[in-house]
Structure formats: C-alpha cells, structure tokens
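Each ligand, and each atom within it, is numbered from 1 in the order the structure gives. Residues: numbered from 1 along the sequence shown.
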Amino acid sequence: DTQKVIAIDGPSASGKGTVAARVAAALGFDYLDSGALYRLTALYAQKQHVEWTDAAGVAALAENLPVRFDGGAVLLDGEDVSADIRSEAIGMGASAVAQLPEVRAALLQRQRDFLTDKGLVADGRDIGSVIFPQAQLKIFLTASARVRAERRAKQIGLPCEGVAFDRILADIEARDEADRRRAVAPLQQLPDAELLDTTDLGIEETVKKVLDWYHKV
Ligand code: C5P
C-alpha cells in the first residue's frame with residue numbers, strides 16, 4: 001500500500017484526538033476523528049426521535065448522516081453541533097449505537113473515504129483492527145482511568161475531586177467497559193500495535209514518540 005495511515009486506538013479521554021491532530025499537522029496528513037461519526041449518529045438519532053437501541057433505524061440515519069466538516073466545526077444538517085457532540089451523555093449514546101453491527105457497517109466506507117494520497121491519521125477503537133488494518137503504524141494510546149478523568153475534568157473546568165469528579169471517573173470506566181466487552185469491533189490492544197501509556201507523559205512527548213515511531217517504519 002502506498003497510501004500512508006497511522007491508526008491510533010485507545011479508551012476514552014486518553015488524548016487520542018489531540019495527539020492524532022498534532023501528528024497529522026506535523027506530517028501534512030489528513031485527520032479522521034472516527035468517534036465524532038458515532039457521536040453524530042447518536043445525536044442525530046436523538047434529534048429524529050429514534051431510540052439508540054433501534055439498530056435498523058439508527059443504521060439508516062448513519063448511512064445518510066448530513067454532516068459536513070468545516071475547518072474545526074462539525075455541521076449536522078447545517079447546524080454547528082461541535083459542542084453538542086462532546087457531552088458525556090452523547091458519548092454514552094455513541095457507545096450505545098457503536099455496539100450495533102448495522103451502524104458500524106453503515107459508517108465503514110465513510111471512514112475509509114477519508115484516506116487519500118495525502119496520508120491519514122485516524123483515531124478510534126477499531127481503526128487498526130477493522131477500518132485500516134493495513135496501517136503502517138498502529139498505536140494503542142492509553143492512560144490510567146484516574147488520569148484520564150483528571151484531564152477531562154480540567155478540560156471542562158471542574159476540580160479533580162468531589163462528586164462531579166467521581167461521576168466523570170465512573171462514566172469513563174463504564175464507557176471503556178462497554179467498548180471492551182462488546183461483541184463487534186471491541187477496543188483491544190492489537191499484537192502489532194505500539195503501546196503508548198501517557199499516564200506520566202505530556203502531549204509534546206507523546207506526539208514526539210509517535211513521530212519517532214513513524215519515521216522508523
Ligand atoms: O472517541 P470518542 O470518545 O469520541 O468515541 C465515542 C464512542 O464511539 C466510544 O465510546 C465508542 O463506543 C465509539 N467508537 C467506536 N469506534 C470508533 C470510535 C468511537 O466504537 N472507531
């Protein structure tokens with residue numbers, strides 16, 4: 001394969017998005033945030049009053065997602081939903097619809113279409129296993145659940161202790177558990193993926209590590 005892909009998979013709030021976007025910028029590659037497609041599907045279903053458990057109904061919406069990526073903004077049906085799709089409730093909805101094989105099938109080609117001769121950095125749960133198994137470099141990016149919860153709390157301006165923080169931590173653990181245990185395309189560390197644990201690593205060091213690996217392959 002001549003088209004270059006870097007696959008970054010890992011649990012929620014592991015920093016995949018930030019790292020993937022920076023690596024893509026450094027290499028001049030495009031960037032695919034696959035989780036955003038699952039989040040958009042969950043939000044669209046909610047807006048259309050389709051239950052997250054309705055496989056055929058949600059898959060039909062996923063197939064025809066009226067989405068446009070406009071610079072940093074995500075438009076659904078022309079409406080800027082960049083902030084709406086980041087809520088923890090929609091994260092849970094994304095995790096629910098992501099368990100449906102029909103929905104994953106509906107989003108498969110859309111994800112593959114992001115790959116061009118420019119090269120692509122894609123992040124998600126099944127990028128290295130299902131979407132781009134041919135990726136030249138696969139990374140399993142993780143960190144302890146507590147550190148991931150702390151990063152999420154800081155991001156939304158909450159203290160790293162107390163009831164609200166415990167809630168964030170519990171939500172992260174519940175979503176990871178669901179993503180790991182599901183039957184179809186579960187979150188897993190592949191044998192051919194590099195393990196990158198960022199519990200004690202900053203963004204810059206993490207990005208550098210990925211670029212170093214990439215330059216070796
Ligand atoms: O990465 P992010 O937290 O935005 O993903 C939201 C949810 O979408 C995940 O919890 C997971 O269930 C699902 N997802 C997936 N496969 C991907 C990306 C995301 O199942 N490639």
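Contact atoms of ligand 1 toward Asp179: 9 (C), 10 (O), 11 (C), 12 (O) (distance under 4.0 Å to a heavy atom of the residue). Every atom of ligand 1 is numbered from 1 in the order shown, and the set under 4.0 Å from a heavy atom of Ala94 is 6 (C), 7 (C), 8 (O). Of all atoms in ligand 1, listed by their number and element, those nearer than 4.0 Å to a heavy atom of Asp126 are 16 (N), 17 (C), 21 (N).
The option from Ala98, Pro186, Ser34 that lies nearest to atom 13 (C) of ligand 1, judged by heavy atoms, is Ala98. Ranked by closest heavy atom to atom 2 (P) of ligand 1, the top entry among Met92, Arg180, Glu88, Arg125 is Arg125.
At least one N/O-N/O distance between Arg104 and ligand 1 falls below 3.5 Å. At under 3.5 Å, a nitrogen or oxygen of Arg182, whether backbone or side chain, sits near a nitrogen or oxygen of ligand 1. Checked by distance only, ligand 1 and Tyr38 stay at 3.5 Å or farther apart across all their nitrogen or oxygen atoms.
A salt bridge does not link Arg175 to Asp171: none of the charged nitrogens lies less than 4.0 Å from a carboxylate oxygen. A salt bridge between Asp126 and Arg104 is present, with a side-chain N of the basic residue lying under 4.0 Å from a carboxylate O of the acidic one. Between Glu194 and Lys216 there is no salt bridge, since no side-chain N of the basic residue sits under 4.0 Å from a carboxylate O of the acidic one.
When only modelled atom types and interatomic distance are considered, Arg151 and Thr198 share a side-chain donor-acceptor pair under 3.5 Å.
When the shell of 6.0 Å around CZ of Arg112 is examined, it contains more than 12 heavy atoms from other residues, nucleotides or ligands. Taking a 6.0 Å sphere around CZ of Arg146, one finds it holds 12 or fewer heavy atoms contributed by other residues, nucleotides or ligands.
The two residues Ala153 and Cys160 come nearest to each other via the heavy atoms CB-SG, 4.2 Å. Closest approach of Pro159 and Phe165 over heavy atoms only: O-CB, 3.7 Å.
For atom 4 (O) of ligand 1, the closest non-hydrogen atom of the protein is Arg39 NE, 2.6 Å. Regarding atom 19 (C) of ligand 1, its nearest protein heavy-atom neighbour is Gly35 CA, 3.5 Å. In terms of protein heavy atoms, atom 6 (C) of ligand 1 is closest to Arg175 NH1, 3.5 Å.
Every heavy atom of Gln99 sits 4.0 Å or more from the atoms of ligand 1.
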